[in-house]
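Here is the structure we will look at.
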Amino acid sequence: RVGQADGLPEARRAAGKMSSLADIVKAKCTEAFAISHIDVIDFSDGACSGAKLELIIVSSDFEKVPLIQRHRKVQALLKEDGLMDEKIHALTIKAWTPEQWEAKK
């Protein structure tokens, strides 16, 4: 999706204002998927050069999509800007449909 009058994608414009990698991941996912819930938790401990994140993403886009394909979609999205290769060391993905999310609450 393209953002306001500047024509930049929302996540890219927001990334310039955000201070944390978790916020950037959240913005990119929110832009790319029909999100009903999202949490990004940063477990980085400074012991390695990249971030350790847990992503909980709930989207109707995952209906009838196998779990491995959900993960691949998220990983491909984050690879677009080099986040997976350069900034994220470990990423735990919990990608659920709204129905699955309600059952887990």
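Here the structure is a predicted model, which is why all the values come from computation and not from measurement.
Rounding to the nearest 0.5 angstrom, the gap separating the CZ atom in Arg72 from the CD1 atom in Ile93 is 11.5 Å. Note that the CD1 atom of Ile56 and the NZ atom of Lys104 stand 10.5 Å from one another [nearest 0.5 Å]. In this structure, Lys94 NZ and Glu54 CD are separated by 4.0 Å, a value rounded to the nearest 0.5 Å.
In this structure a side-chain-to-backbone donor-acceptor pair under 3.5 Å is missing from Ser36 to Pro98. Here the side chain of Thr97 pairs no donor or acceptor atom with the backbone of Ser60 at under 3.5 angstrom. Proximity of a side-chain donor or acceptor of Glu31 to a complementary backbone N or O of Lys28 within less than 3.5 Å is not detected. A distance-only check finds no donor-acceptor pair linking the side chain of Asp42 to the backbone of Ala22 [under 3.5 Å].
Relative ring orientation between Trp101 and His37 is described as parallel, the plane-to-plane angle staying below 30° on a 0-90° scale split at 30° and 60°.
Annotation: side chain of His89 is not in contact with side chain of Ser44 (no heavy-atom distance under 4.5 Å).
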### Task
Apply the test side-chain contact (heavy atoms from CB on, under 4.5 Å) to residues Val58 and Ile35: give CA-CA distance (whole Å), side-chain angles for both, the deciding distance (0.1 Å), then the verdict.
CA-CA 6 Å; Val58 181; Ile35 300 290; over 6 Å; no
### Task
Could you walk me through whether Leu77 and Phe33 pass side-chain contact (heavy atoms from CB on, under 4.5 Å), step by step?
CA-CA 10 Å; Leu77 174 69; Phe33 301 104; 3.8 Å; yes
### Task
Output, in order, the C-alpha distance, side-chain angles, deciding distance and verdict of side-chain contact (heavy atoms from CB on, under 4.5 Å) for Ile41 and Leu53.
CA-CA 6 Å; Ile41 304 157; Leu53 302 177; over 6 Å; no
### Query
Does the pair Val74 and Arg70 meet the rule for a side-chain contact (heavy atoms from CB on, under 4.5 Å), with working shown?
CA-CA 6 Å; Val74 171; Arg70 297 174 191 181; 5.8 Å; no
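Shown here is Glu99, whose CD atom has no more than 12 heavy atoms of other residues, nucleotides or ligands within 6.0 Å. Within 6.0 Å of NZ on Lys73 lie no more than 12 heavy atoms contributed by other residues, nucleotides or ligands.
Connection of Ile57 to Trp96 is not established within any shared hydrophobic cluster, with ILVMFWY side chains joined at heavy-atom distances below 4.5 Å, either directly or through further cluster members. Val25 is connected to Leu91 through a chain of hydrophobic side-chain contacts under 4.5 Å among Ile, Leu, Val, Met, Phe, Trp and Tyr, so both are in one cluster.
Partner of Leu55 under the side chain to side chain contact (heavy atoms under 4.5 Å, CB included) criterion, chosen from Asp39, Ile38, Thr92: Ile38.
Taking every heavy atom of both residues into account, Leu21 and Ala51 meet most closely at CD2-CB, 3.5 Å.
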